[in-house]
Asks: 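Okay, handing you the structure first.
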Amino acid sequence: MKMDKKDLKEKIIVLGVTVGLFFPVRIFFSAYVSEHWLGSLGVMSALAVLLVVLIKKKKLGWFGIIFEKQMRKTVGGKTGKYLIGFAIFFLIYFGATLFFIDRGNNTYVDDKEIFYLAIMEEGGYNINDLSSYELIGPKLISQKNLQNFEVLGNIDYMFSIAYAVMNDMSDGWLEHVVMVMVVEQIELIGLLFFYRNIFKSTKVQVTN
C-alpha cells in the first residue's frame with residue numbers, strides 16, 4: 001500500500017520532533033545530572049507520559065493531533081507488535097552480552113588476560129601460538145561428559161573471551177554502553193505497551 005504525501009509528512013514531523021526532544025534530554029541528563037546509567041532510568045518514560053498527558057488535554061494543538069494519529073497507526077497496530085518483538089530480541093541480545101562479559105571477567109579471567117596480551121602484543125604472548133599456553137577454559141570444557149554440553153561450553157568460552165577482551169580494549173565502555181542499552185530496551189518495551197493501551201481505545205478526529 002502506497003503511503004500518501006500527507007501521511008509521510010506527518011510521520012517525518014512526529015519522528016523529527018520526538019527524536020529532537022528525547023535525544024537531547026538524554027544527552028543533557030547524562031552529561032550534567034548523572035553520569036551513571038541508573039541516573040537516567042525512567043527519564044524517557046516520564047517525558048513520554050508527560051507528552052501523552054499534554055496531548056490528551058489538547059495542549060499541543062495540531063502536533064498533538066497528528067502524533068496521536070500516527071501512534072494509532074503504528075504502535076497501536078501490527079507494527080507495534082513487531083516493535084515490541086524487536087525490543088525483546090535486542091533485550092535478550094544485550095543481556096546475553098553482559099552475561100558473557102561477566103563470565104569472561106570471572107570464570108575465564110586468566111585466559112582472557114592471555115588473549116588480551118597476545119592481541120595487544122604484550123607480555124611475550126603470541127596470538128598464533130596460543131596452544132602452547134596454559135589455558136584453563138579448554139580444561140574446564142573437557143570435563144563435561146556429554147557432547148552437547150561440551151559444544152555449549154565451547155560457545156560459552158568463545159563468546160565470553162571475545163566480549164571480555166573487547167570490553168578491556170574499550171576501557172570498559174562496551175559494558176557501559178550495553179548496560180545502557182539493556183535499560184533502554186526495558187523502558188522501550190514498557191512505553192510501547194503503554195502507548196498501545198492509550199492510543200487504541202479512542203479515535204482521533206482530524207478537522208480540516
Asks: Linking I/L/V/M/F/W/Y whenever their side-chain heavy atoms sit closer than 4.5 Å, directly or via other members, would F63 and V49 fall into one cluster?
Replies: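 The answer is yes; both residues are in one hydrophobic cluster.
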Asks: Donor-acceptor pair, D102 side chain versus L98 backbone, under 3.5 Å?
Replies: no
Asks: Are F67 and L60 close enough that some pair of their side-chain heavy atoms sits under 4.5 Å apart?
Replies: no
Asks: How long is the gap from OG1 on T107 to NZ on K112, to the nearest 0.5 Å?
Replies: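 If we round to the nearest 0.5 Å, T107:OG1 and K112:NZ are 12.0 Å apart.
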Asks: Stepwise, does the side chain to side chain contact (heavy atoms under 4.5 Å, CB included) test hold for I161 with R103?
Replies: CA-CA 8 Å; I161 294 296; R103 292 277 290 173; over 6 Å; no
Asks: If you compare all heavy atoms of G104 against all heavy atoms of A164, which two are closest, and at what distance to 0.1 Å?
Replies: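 For G104 and A164, the tightest heavy-atom pair comes out as CA-CB, 3.7 Å.
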Asks: Do S160 side-chain atoms and Y157 backbone N/O form a donor-acceptor pair below 3.5 Å?
Replies: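 No; judged by distance alone, with no hydrogens or angles, the pair does not exist.
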Asks: To the nearest 0.5 angstrom, please state how far the CD1 atom of I114 sits from the CD1 atom of I119.
Replies: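 Answer rounded to 0.5 Å: 12.0 Å.
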Asks: Is there side-chain contact between F115 and D168, with heavy atoms separated by less than 4.5 Å?
Replies: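 F115 vs D168: side chains apart.
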Asks: Heavy-atom count around F194 CZ within 6.0 Å, excluding the residue itself: above 12?
Replies: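 Check passes, neighbour count above 12.
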Asks: Please name the pair of heavy atoms, one in L174 and one in M166, separated by the smallest distance, quoted to 0.1 Å.
Replies: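 Answer, listing the atom of L174 first, then M166: CD2-CB, 3.9 Å.
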Asks: Quick one: pull up NZ in K81 and CG in L192 and give me the separation to the nearest 0.5 Å.
Replies: 13.5 Å
Asks: Please assess D156 against F99 for the test side chain to side chain contact (heavy atoms under 4.5 Å, CB included), listing each intermediate value before the final yes or no.
Replies: CA-CA 10 Å; D156 171 55; F99 170 78; 4.2 Å; yes
Asks: Please tabulate, for side-chain N and O atoms in residues 83-93, each donor-acceptor pair with protein atoms closer than 3.5 Å (sequence neighbours left out).
Replies:
from, atom 1, to, atom 2, distance (Å)
Y93, OH, Y163, OH, 3.3

Asks: Rounded to the nearest 0.5 Å, what's the gap from CD1 on I155 to CZ on F100? Could you check?
Replies: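 Between atom CD1 of I155 and atom CZ of F100 there are 8.0 Å.
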Asks: Take F159 and T97, measure what side chain to side chain contact (heavy atoms under 4.5 Å, CB included) needs, and give me the verdict at the end.
Replies: CA-CA 8 Å; F159 280 102; T97 301; over 6 Å; no
Asks: Hey, could you give me the CG/NZ distance between L51 and K59, rounded to the nearest 0.5 Å?
Replies: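 The NZ atom of K59 is 14.5 Å from CG of L51, to the nearest 0.5 Å.
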